Undergrad: 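Can you keep this structure in mind? I'll have questions shortly.
What you are looking at is a predicted structure, and each value in this text was computed from that prediction instead of being measured.
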Amino acid sequence: MALSPLNERRWRNFKKNRRAYWSLWIFAVLFTVSLFAEFVANDKPILVNYRGDYYMPIFNFYAETEFGGDFQTEAVYRDPEVKCLIATGGLDLCFDDPEGYIEDAQDGMIEGEQIEKGWSIWPIIPYSFNTAVDRPGAAPLPPNEQNWLGTDGTKRDVMARVIHGFRLSILFTLIVTGLASLIGIFAGAVQGFFGGWLDLIFQRIIEIWSSTPSLYVIIIMFAILGRSFWLLVFLLVLFSWTSLVGVVRAEFLRARNLEYVRAARALGVSNGTIMFRHMLPNAMVATLTMLPFIITGTISTLAILDYLGFGLPSSAPSLGELTLQATQNLQAPWLAFTAFFTFAIMLSLLVFIFEGIRDAFDPRKTFS
């Protein structure tokens with residue numbers, strides 16, 4: 001779809017801001033990789049060939065009996081016996097010496113008899129965010145070729161948790177910021193456009209609402225309803241929408257008496273069309289100026305809540321929980337370095353991107 005001349009100019013301005021442009025590319029690559037985290041870091045194979053049939057364990061449940069085992073529970077694909085069953089086509093001898101028969105299966109012959117070989121394609125990191133790493137030693141374990149960023153205090157792979165936690169943090173932030181921005185922009189536009197008693201009453205309500213101790217409300221609600229992703233989204237949207245009301249209201253108060261608005265009213269254009277088609281684009285620069293603060297604030301709030309134990313469920317791959325692990329294990333500096341650089345890179349890229357978007361929407365900004 002072709003862009004309008006105005007949007008083409010904005011895109012050219014954005015590309016000329018090299019810091020924002022390259023930040024967008026780097027962030028897009030990192031976010032795309034995290035979106036396919038199950039294909040990158042997982043304790044299940046991506047694809048299994050067993051007796052000529054193909055299985056995708058990352059999407060489907062397969063009992064161990066599917067591969068010649070004895071149990072109806074889901075197959076533990078990292079178990080040597082299950083690996084041997086897959087590699088040898090369900091050979092009963094796997095339960096005696098699984099490691100030895102896995103090696104013998106490479107030739108397609110075991111004890112002089114032909115077998116039907118199977119195979120598995122594994123992710124680059126053979127651990128999920130909640131997988132316990134089978135390594136000798138006391139946790140947390142330092143980085144090595146098996147665990148690139150080491151393990152945390154419960155022997156979970158840190159690299160896998162960072163990949164899954166990055167995706168969770170960004171998706172959570174996008175949902176909260178998007179919903180809060182829609183509500184805040186609508187409320188600010190209504191206040192600024194109509195003014196009068198409506199604006200006065202709304203301002204008093206916002207003042208009261210903004211003074212509500214949100215952390216206490218979140219703690220109380222979690223104590224009653226339990227911790228969940230969507231409950232936390234709802235509560236943060238409930239307390240975040242006021243961030244944009246002030247700047248949008250100010251822009252609409254300034255613009256409602258301008259000539260083009262008076263002309264539109266004289267021509268009988270509806271209030272909704274004037275507000276969101278003619279006035280809102282002029283208020284976007286001020287709105288986009290606030291978005292980096294809202295986004296970084298949402299990520300920080302999620303991390304703080306997880307750090308304090310009032311955020312996402314404990315089973316979730318949380319970056320805030322990784323920070324807590326770092327403070328609890330000062331003898332493991334790789335945890336602190338990982339948490340610091342993850343937040344620093346993520347927040348810096350987002351700030352640079354939205355600074356570029358803000359400048360691209362500003363008609364007074366030009367780039368040489």
Undergrad: For E251 and R254, run salt bridge (Lys or Arg N to Asp or Glu O under 4.0 Å): C-alpha distance rounded to whole Å, both residues' side-chain angles, the deciding distance at 0.1 Å, then the answer.
TA: CA-CA 5 Å; E251 289 295 315; R254 179 184 64 82; 2.9 Å; yes
Undergrad: L200, V245: one ILVMFWY side-chain cluster at the under-4.5 Å cut-off?
TA: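 No, L200 does not connect to V245 through the hydrophobic network.
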Undergrad: Is it the case that the side chain of K155 and the backbone of G137 share a donor-acceptor pair, with hydrogens and angles ignored and the cut-off at 3.5 Å?
TA: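 Yes, the answer is positive, given that a donor and an acceptor are paired below the 3.5 Å cut-off.
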Undergrad: Verify side-chain contact (heavy atoms from CB on, under 4.5 Å) between I183 and L244, making sure each step is shown before the conclusion.
TA: CA-CA 9 Å; I183 299 172; L244 283 176; over 6 Å; no
Undergrad: Work out which heavy atom in F194 is nearest to a heavy atom in M275; give both atom names and the distance.
TA: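 Taking every non-hydrogen atom into account, CE1-SD, 4.1 Å.
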Undergrad: Please check if any side-chain donor atom of Q191 sits under 3.5 Å from a side-chain acceptor atom of Q203, or the reverse.
TA: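 Yes, a side-chain donor-acceptor pair sits under 3.5 Å.
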Undergrad: May I ask you to test the V48-M56 pair for a side-chain heavy-atom distance under 4.5 Å?
TA: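 V48 does not reach M56 side chain to side chain.
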Undergrad: Can you give me the closest heavy-atom contact between V158 and T151, atom names plus distance?
TA: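 Answer, listing the atom of V158 first, then T151: CG2-C, 3.5 Å.
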Undergrad: Is a donor on one side and an acceptor on the other found under 3.5 Å between the side chain of S318 and the backbone of G320?
TA: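 Here the side-chain-to-backbone pair exists.
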Undergrad: Would V233 and W241 show up in the same hydrophobic cluster when neighbours are defined by side-chain heavy atoms closer than 4.5 Å?
TA: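 In one cluster with V233: W241, yes.
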Undergrad: So, do T301 and L305 sit near enough that their side-chain heavy atoms are less than 4.5 Å apart?
TA: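 Heavy-atom side-chain distance check passes, below 4.5 Å.
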Undergrad: Show the numbers, then the answer: is there a side-chain contact (heavy atoms from CB on, under 4.5 Å) between F234 and W230?
TA: CA-CA 6 Å; F234 172 75; W230 291 109; over 6 Å; no
Undergrad: Check the pair F252, L280 against side-chain contact (heavy atoms from CB on, under 4.5 Å), reporting the backbone distance first and the verdict last.
TA: CA-CA 8 Å; F252 272 72; L280 182 59; 4.2 Å; yes
Undergrad: Should W209 and T242 count as side-chain neighbours, where that means a heavy-atom distance under 4.5 Å?
TA: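 Yes, their side chains come closer than 4.5 Å.
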Undergrad: Looking at R204 and E207, does any basic side-chain N land under 4.0 Å from a carboxylate oxygen?
TA: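 A salt bridge is present here (some side-chain N lies under 4.0 Å from a carboxylate O).
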Undergrad: Could you check if a side-chain atom of F239 sits within less than 4.5 angstrom of a side-chain atom of V217, using non-hydrogen atoms only?
TA: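 F239 reaches V217 side chain to side chain.
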Undergrad: Please lay out, stage by stage, how Y55 and F67 fare under the test ring-ring contact (aromatic ring centres under 6.0 Å, His included).
TA: CA-CA 10 Å; Y55 303 83; F67 307 107; 5.2 Å; yes
Undergrad: Using the ring of W122 (Phe, Tyr or Trp, six-membered ring only), decide whether K83 places NZ or CZ under 6.0 Å from its centre and within 45 degrees of its axis.
TA: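 Judged by the rule, K83 and W122 form a cation-pi pair.
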Undergrad: Quick one: side chain to side chain donor-acceptor pair (under 3.5 Å) pairs with a partner in residues 139-150, sequence neighbours left out?
TA: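 Passing the test, one end in residues 139-150: Y127-Q146, R135-N144, R135-N147, N147-D157.
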Undergrad: Could you tell me whether the side chain of S169 and the main chain of F166 form a donor-acceptor pair under 3.5 Å?
TA: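 No, the answer is negative, given that no donor and acceptor are paired below the 3.5 Å cut-off.
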Undergrad: Starting at CG of L24, measure out to CG of L349 and round the result to the nearest 0.5 Å.
TA: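 That separation rounds to 9.5 Å.
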Undergrad: Please walk me through it: do R265 and I274 pass side-chain contact (heavy atoms from CB on, under 4.5 Å)?
TA: CA-CA 8 Å; R265 282 174 170 166; I274 295 173; 3.7 Å; yes
Undergrad: So how far is it from K44 NZ to T131 OG1, rounded to the nearest 0.5 Å?
TA: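 The distance works out to 9.5 Å.
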Undergrad: Within the supplied structure, the quantity of interest is the number of heavy atoms (other residues, nucleotides, ligands) at a distance under 6.0 Å from Y216 OH; does it exceed 12?
TA: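 No, not enclosed.
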Undergrad: With a sphere of 6.0 Å drawn around CG of D134, does it hold more than 12 non-hydrogen atoms of other residues, nucleotides or ligands?
TA: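 No.
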Undergrad: Report the relative orientation of the aromatic rings in F276 and F186; use parallel for angles under 30°, tilted for 30 to 60°, perpendicular for over 60°.
TA: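 Parallel.
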Undergrad: Can the ring centroids of F59 and F39 be said to lie less than 6.0 angstrom from one another?
TA: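 Yes.
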Undergrad: If every non-hydrogen atom of V40 is compared with every non-hydrogen atom of P123, which pair is closest and at what distance?
TA: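 Closest heavy-atom pair between V40 and P123: O-CB, 3.4 Å.
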Undergrad: Which value, rounded to the nearest 0.5 Å, describes the distance between N49 atom CG and I121 atom CD1?
TA: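 Answer for the CG-CD1 pair, N49 versus I121, is 9.0 Å.
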Undergrad: To the nearest 0.5 Å, what is the distance between CG (L291) and CD (E355)?
TA: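 Rounded to the nearest 0.5 Å, the CG-CD separation comes out at 12.5 Å.
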Undergrad: Is a side-chain donor or acceptor of Q325 paired with a backbone partner of G153 at a separation under 3.5 angstrom?
TA: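 Side chain of Q325 to backbone of G153: a pair is present.
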Undergrad: Decide salt bridge (Lys or Arg N to Asp or Glu O under 4.0 Å) for E321 and R161; before the verdict, give the C-alpha distance in whole Å, the side-chain angles of both, and the deciding distance to 0.1 Å.
TA: CA-CA 10 Å; E321 195 266 345; R161 290 188 67 78; 3.2 Å; yes
Undergrad: When you group the ILVMFWY residues by side-chain heavy-atom contacts below 4.5 Å and let the links chain together, are L174 and L302 in the same group?
TA: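 No, because L302 and L174 fall into different hydrophobic clusters, even though each may have its own neighbours under 4.5 Å.
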Undergrad: Any Lys/Arg nitrogen of E66 or R51 sitting under 4.0 Å from an Asp/Glu carboxylate oxygen of the other?
TA: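 Answer for the salt bridge query: no.
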Undergrad: Would you check if the side chain of S348 reaches a backbone N or O of I345 as a donor-acceptor pair within less than 3.5 Å?
TA: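 No; judged by distance alone, with no hydrogens or angles, the pair does not exist.
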Undergrad: Counting only heavy atoms not in R277 (residues, nucleotides, ligands), do more than 12 fall under 6.0 Å from its CZ?
TA: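 Open: at most 12 neighbouring heavy atoms sit under 6.0 Å from CZ of R277.
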Undergrad: Please find the pair of heavy atoms, one from I353 and one from F14, that lie closest to each other, and give the distance.
TA: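 Smallest heavy-atom distance, with atoms named: O-CE1, 3.7 Å.
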Undergrad: What about L231 and I220, same hydrophobic cluster or not, with Ile/Leu/Val/Met/Phe/Trp/Tyr joined at side-chain heavy-atom distances under 4.5 Å?
TA: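 Same hydrophobic cluster.
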Undergrad: Donor-acceptor check, side chain of D152 to backbone of T154, threshold 3.5 angstrom: yes or no?
TA: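 Between the backbone of T154 and the side chain of D152 there is a qualifying donor-acceptor contact (under 3.5 Å).
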Undergrad: Got L168 and F229 here, is their nearest side-chain heavy-atom distance under 4.5 Å?
TA: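 Yes, side chains in contact.
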Undergrad: Can you give me the closest heavy-atom contact between A189 and V248, atom names plus distance?
TA: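 A189 and V248 have their closest heavy atoms at N-CG1, 3.6 Å.
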Undergrad: Within 45 degrees of the axis of the six-membered ring of F222 and under 6.0 Å from its centre: does R227 put its NZ or CZ there?
TA: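 The answer is no, since R227 fails at least one limit relative to F222.
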Undergrad: From N42 CG over to F36 CZ, what is the distance, rounded to the nearest 0.5 angstrom?
TA: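 Reported to 0.5 Å precision, the distance equals 14.0 Å.
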Undergrad: Establish whether I219 and I224 are linked, either directly or via other cluster members, by ILVMFWY side-chain heavy-atom contacts under 4.5 Å.
TA: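 In one cluster with I219: I224, yes.
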Undergrad: Can you confirm whether more than 12 heavy atoms, excluding those of Y260, are under 6.0 Å from its OH atom?
TA: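 More than 12 within 6.0 Å, yes.
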Undergrad: Do I125 and I163 have side chains that get closer than 4.5 Å, going by heavy atoms?
TA: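 Yes, their side chains come closer than 4.5 Å.
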Undergrad: Considering only heavy atoms from C-beta outward, does the side chain of T173 approach that of T296 to under 4.5 Å?
TA: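 T173 vs T296: side chains apart.
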Undergrad: As a quick check of understanding, evaluate side-chain hydrogen bond (donor to acceptor under 3.5 Å, both in side chains) for D79 and Y77, giving each step before the final call.
TA: CA-CA 5 Å; D79 190 308; Y77 299 94; over 6 Å; no
Undergrad: Are F172 and L232 close enough that some pair of their side-chain heavy atoms sits under 4.5 Å apart?
TA: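 When only atoms from C-beta onward are counted, L232 and F172 do touch, with a gap below 4.5 Å.
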Undergrad: Does the pair R167/E38 count as a salt bridge with the N-to-O cut at 4.0 Å?
TA: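 Here R167 pairs with E38 in a salt bridge, since their nearest N and O are under 4.0 Å apart.
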Undergrad: Give me the atom names and distance for the closest heavy-atom approach of L319 to F343.
TA: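 Result for this residue pair: CB-CZ, 3.6 Å.
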Undergrad: Name the orientation class of the two ring planes belonging to W25 and Y21 (parallel below 30°, tilted from 30 to 60°, perpendicular beyond 60°).
TA: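 W25 vs Y21 ring planes: perpendicular.
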Undergrad: Under a 3.5 Å distance rule, please check whether H278 uses its side chain to pair with a backbone N or O of A264 as donor and acceptor.
TA: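 Not a single qualifying donor-acceptor pair exists.
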Undergrad: Measure the OG1-CD1 distance between T177 and I295 for me, rounded to the nearest 0.5 Å.
TA: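 One finds 5.0 Å between OG1 of T177 and CD1 of I295.
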Undergrad: Could you tell me whether a side-chain N or O of T273 sits under 3.5 Å from a main-chain N or O of V269, the two making a donor and an acceptor?
TA: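 Here the side-chain-to-backbone pair does not exist.
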